[in-house]
Amino acid sequence: QKEVEQDPGPLSVPEGAIVSLNCTYSNSAFQYFMWYRQYSRKGPELLMYTYSSGNKEDGRFTAQVDKSSKYISLFIRDSQPSDSATYLCAMSDPYGQNFVFGPGTRLSVLP
Amino acid sequence: DTGVSQDPRHKITKRGQNVTFRCDPISEHNRLYWYRQTLGQGPEFLTYFQNEAQLEKSRLLSDRFSAERPKGSFSTLEIQRTEQGDSAMYLCASSRSSMIDSYEQYFGPGTRLTVT
């Protein structure tokens, strides 16, 4: 079993839809959870990071963490064609030394 | 602040040759990370530095790979005797080292290596 699992997609949605992206993990040492967006042939761009279970909101993005289920989610409201990219979840131990990324979900938002 | 920069952006080399990549982190960041990313996969951790000290290396990092950060600023990643399996995007990221900031890693554009 991989440490971090993520549905690779591709996921296609119409403009304005609510998008739900998810990751599961197996290592209970992970305490920090990040979401990155990566456009084709570019480096990943940090969207959000969270610590502990619960929700964190930033504009159209909401990150949700459920440590008891080892499950994290990213919700995108009012999706736009410019949101079309690969979304990577990442997680880390408390010391910021062991970063593990999921394989990414490719999202297409159709106008 | 110009962000993390990497050079070159693309490198094509023949199998068996040595290659070296450079990363310039954000100036006030004292942590620097190297990752490798292949098509359809997330970045895979290779190694990281805090200032000039290399603190961790992935068990997956072959002896053909070496990284340096001599003055705690820019870093180089060298691959000796390249193999076709080394073809990938090599990403550099930097962050501050405080507990709350170390999770905010900023990535460079990457160096795409093709080994023929």
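Side chains included, hydrogens not; waters and symmetry mates left out as well; all remaining heavy atoms used. These numbers were taken from a predicted model, which means no experiment stands behind them. In what follows, every chain begins at residue 1, and chains take the letters A, B, ... in the order their sequences are listed.
Using a 4.5 Å cut-off between heavy atoms, B:Tyr35 contacts chain A through its side chain alone, with no backbone atom that close. With a 4.5 angstrom heavy-atom cutoff, A:Arg41 touches chain B via backbone and side-chain atoms both. Both the backbone and the side chain of B:Gln41 come within less than 4.5 Å of a heavy atom in chain A. Within the 4.5 angstrom heavy-atom criterion, only side-chain atoms of A:Tyr36, from C-beta onward, approach chain B.
Heavy-atom pairs under 4.5 Å with chain A peak, among B:Ala93, B:Pro109, B:Pro43, at B:Pro43. With chain B as the partner, the residue from A:Gln38, A:Met34, A:Gln6 showing the most heavy-atom pairs under 4.5 Å is A:Gln38. No other option in B:Arg9, B:Gln37, B:Gln50, B:Met89 has as many heavy-atom pairs under 4.5 Å with chain A as B:Gln37. The greatest number of non-hydrogen atom pairs below 4.5 Å with chain B, out of A:Gly43, A:Gly102, A:Cys89, A:Pro103, is found for A:Pro103.
Geometrically, B:Arg22 engages B:Phe74 in a cation-pi contact defined by less than 6.0 Å to the ring centre and at most 45° from the axis.
Here the options are B:Arg69, B:Gln54, B:Lys57, B:Glu56, the test is side chain to side chain donor-acceptor pair (under 3.5 Å), and the partner is B:Thr47; only B:Gln54 passes. Looking at A:Asn22, A:Thr24, A:Asp66 one by one, the single match for side chain to side chain donor-acceptor pair (under 3.5 Å) with A:Tyr71 turns out to be A:Asn22.
B:Tyr106 and B:Glu104 form a side-chain donor-acceptor contact under 3.5 Å, judged by distance and modelled atom types alone.
Aromatic ring orientation, B:Phe107 versus A:Phe101: perpendicular (interplanar angle above 60°, classes split at 30° and 60°). Using bins of under 30°, 30° to 60° and over 60° for the plane-to-plane angle, the ring pair A:Tyr49/A:Tyr32 lands in the tilted bin.
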